[in-house]
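Predicted model, so just to flag it, every value in this text is computed and none were measured.
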Amino acid sequence: MIKIALTDDHEMVLKGLQQMLTDDPGITITGVYPHGKALLEGLRQEEPDILLLDLQLPDYSGEELARQVLTLYPRIKIMVLSSIDETKRVREMMRIGCHGYSLKNVSQTTLIAAIHKIQKGQQYMDPAVQGELVRELWVQENIRSRHIPEVTRREKEILLLLAEGCSSKDIADRLSLSIRTVENHRKSLLQKFDVKNAVTLLKTAKELGVLEGD
């Protein structure tokens with residue numbers, strides 16, 4: 001029998017989860033908690049196998065509560081059940097030691113299967129969240145593998161001023177250059193970054209870290 005505790009500050013969500021989970025004869029619900037304080041008090045009485053944890057509680061952040069639970073009860077496996085799909089939050093919860101992450105629109109069949117998977121010591125990741133993590137890693141790897149053009153000190157100055165929204169005339173005035181000289185530098189930058197316009201130039205330079213301070 002898999003013992004489950006539920007923590008969410010929305011009564012309708014808790015009722016829906018209870019209804020979904022009680023259909024599985026291999027699952028029993030040990031506690032239903034509307035906030036973090038109630039959860040921590042309840043865990044002193046009975047420790048579940050798996051905790052389904054919402055990230056947005058009125059008294060604790062999901063990260064803070066997960067750390068406390070895993071410190072006090074390291075045997076508990078935490079599965080985040082949230083409407084938040086930000087990859088930064090997902091990575092942080094998994095880094096803390098959670099065993100799973102699912103969005104709240106999960107189906108009954110998928111949720112129950114995820115619980116059984118986590119109980120066996122495996123991890124579960126919502127396909128939508130997993131896809132976004134993979135895409136993010138691909139973008140980062142693609143950026144790392146790209147050639148970063150070498151820019152001169154003057155070109156770097158011009159890039160930074162373009163990022164501020166300055167026109168060629170503004171840049172010429174700021175740097176005491178002729179407009180023609182500034183335009184030549186801009187053409188050189190477009191060629192170096194293999195882009196067609198200033199908008200793409202700035203976006204690419206930012207992605208490659210060229211606009212960061214020295």
Side-chain angles (χ1 to χ4, degrees), residues 1-140:
M1 186 68 70
I2 304 174
K3 295 186 294 182
I4 302 290
L6 310 174
T7 306
D8 197 292
D9 62 334
H10 292 92
E11 184 178 356
M12 292 299 294
V13 172
L14 289 174
K15 287 182 177 180
L17 288 172
Q18 291 180 77
Q19 185 174 355
M20 291 169 69
L21 297 178
T22 51
D23 285 344
D24 189 310
I27 291 176
T28 182
I29 297 175
T30 61
V32 178
Y33 309 105
H35 48 72
K37 183 179 179 181
L39 169 66
L40 294 174
E41 291 175 353
L43 293 181
R44 296 191 188 102
Q45 306 301 318
E46 185 166 10
E47 184 177 332
D49 298 309
I50 297 174
L51 166 64
L52 298 189
L53 175 66
D54 183 25
L55 290 184
Q56 297 176 297
L57 298 172
D59 54 349
Y60 283 88
S61 70
E63 291 87 347
E64 182 183 5
L65 192 55
R67 287 191 182 94
Q68 284 203 37
V69 169
L70 292 175
T71 298
L72 295 171
Y73 310 97
R75 293 178 58 184
I76 293 179
K77 299 178 179 68
I78 297 177
M79 177 177 175
V80 177
L81 196 59
S82 176
S83 57
I84 298 175
D85 60 357
E86 298 172 6
T87 54
K88 181 179 180 181
R89 299 290 295 277
V90 176
R91 290 196 308 271
E92 177 62 16
M93 295 307 294
M94 300 305 285
R95 188 191 66 78
I96 288 171
C98 296
H99 276 68
Y101 198 107
S102 176
L103 299 180
K104 285 187 176 180
N105 60 1
V106 63
S107 68
Q108 179 185 35
T109 301
T110 301
L111 178 60
I112 290 175
I115 287 172
H116 282 277
K117 185 175 183 179
I118 289 172
Q119 178 64 10
K120 294 176 183 177
Q122 302 173 33
Q123 291 187 336
Y124 173 80
M125 183 68 66
D126 189 292
V129 173
Q130 188 174 39
E132 187 60 25
L133 285 171
V134 170
R135 188 198 68 81
E136 184 180 86
L137 289 172
W138 180 87
V139 169
Q140 292 174 351

Would you give the length of the straight line joining atom [atom1] of [X] to atom [atom2] of [Y], rounded to the nearest 0.5 angstrom?
{"X": "Leu52", "Y": "Leu6", "atom1": "CG", "atom2": "CG", "answer": "5.5 Å"}
{"X": "Ile84", "Y": "Lys104", "atom1": "CD1", "atom2": "NZ", "answer": "8.5 Å"}
{"X": "Ile78", "Y": "Met94", "atom1": "CD1", "atom2": "CE", "answer": "11.0 Å"}
{"X": "Ser102", "Y": "Asp85", "atom1": "OG", "atom2": "CG", "answer": "11.5 Å"}
{"X": "Ile27", "Y": "Met20", "atom1": "CD1", "atom2": "CE", "answer": "10.0 Å"}
{"X": "Leu55", "Y": "Asp8", "atom1": "CG", "atom2": "CG", "answer": "10.0 Å"}

Do [X] and [Y] come close enough that some side-chain heavy atom pair is under 4.5 Å?
{"X": "Ile76", "Y": "Glu47", "result": "yes"}
{"X": "Val129", "Y": "Leu103", "result": "yes"}
{"X": "Leu133", "Y": "Arg91", "result": "yes"}
{"X": "Tyr73", "Y": "Pro48", "result": "no"}
{"X": "Asp9", "Y": "Asp54", "result": "yes"}
{"X": "Ile112", "Y": "Leu21", "result": "yes"}

For [X] and [Y], work out which heavy atoms get closest and say how close.
{"X": "Gly121", "Y": "His99", "result": "O-CD2, 4.2 Å"}
{"X": "Met79", "Y": "Ala114", "result": "CE-CB, 3.8 Å"}
{"X": "Tyr33", "Y": "Ala5", "result": "CE1-CB, 4.1 Å"}
{"X": "Gly36", "Y": "Leu57", "result": "N-CD1, 4.0 Å"}
{"X": "Cys98", "Y": "Ala66", "result": "SG-CB, 4.3 Å"}
{"X": "Gln56", "Y": "Ser83", "result": "OE1-OG, 4.0 Å"}

| query | Between Asp23 and Gln108, do the side chains contain an N or O donor and an N or O acceptor separated by less than 3.5 Å? | reply | yes

| request: Compute whether any side-chain donor of one residue and acceptor of the other, for His116 and Asp24, lie under 3.5 angstrom apart. | output: yes

| task | Carefully, step by step, assess Glu63 and Arg89 under the rule salt bridge (Lys or Arg N to Asp or Glu O under 4.0 Å). | result | CA-CA 9 Å; Glu63 291 87 347; Arg89 299 290 295 277; 2.6 Å; yes

| Pair Gln68-Leu40, side-chain contact (heavy atoms from CB on, under 4.5 Å): steps then yes or no | CA-CA 9 Å; Gln68 284 203 37; Leu40 294 174; 3.5 Å; yes

| request: Could you check Val13 against Leu81 for side-chain contact (heavy atoms from CB on, under 4.5 Å), going step by step and ending with a plain yes or no? | output: CA-CA 10 Å; Val13 172; Leu81 196 59; 5.7 Å; no

| request: Output yes when Glu64 and Arg67 qualify as a salt bridge under the 4.0 Å nitrogen-oxygen rule, no when they do not. | output: no

| query | Got a salt bridge between Arg75 and Asp49, using NZ or NE/NH1/NH2 to carboxylate O under 4.0 Å? | reply | no

| request: Any chance you could lay out the side-chain contact (heavy atoms from CB on, under 4.5 Å) test for Gln123 and Ile118, step after step, and finish with the verdict? | output: CA-CA 6 Å; Gln123 291 187 336; Ile118 289 172; over 6 Å; no

| message | Quick check on side-chain contact (heavy atoms from CB on, under 4.5 Å): which of Ile115, Thr110, Leu111, Val80 does Tyr124 satisfy it with? | response | Thr110

| Would the number of heavy atoms belonging to other residues, nucleotides or ligands and lying under 6.0 Å from CD of Glu46 be above 12? | yes

| request: Kindly check if the number of other-residue, nucleotide or ligand heavy atoms within 6.0 Å of CE (Met12) is above 12? | output: no

| task | Run the numbers on Leu39 and Val69 for side-chain contact (heavy atoms from CB on, under 4.5 Å), then give the verdict. | result | CA-CA 9 Å; Leu39 169 66; Val69 169; 4.1 Å; yes

| message | Run the salt bridge (Lys or Arg N to Asp or Glu O under 4.0 Å) test on Glu92 and Lys88 for me, step by step, so that the C-alpha distance in whole Å, both residues' side-chain angles and the decisive distance to 0.1 Å come before the verdict. | response | CA-CA 6 Å; Glu92 177 62 16; Lys88 181 179 180 181; over 6 Å; no

| said: Please check this pair: side chain of His35 against backbone of Ala38, looking for a donor-acceptor N/O pair closer than 3.5 Å. | reply: yes

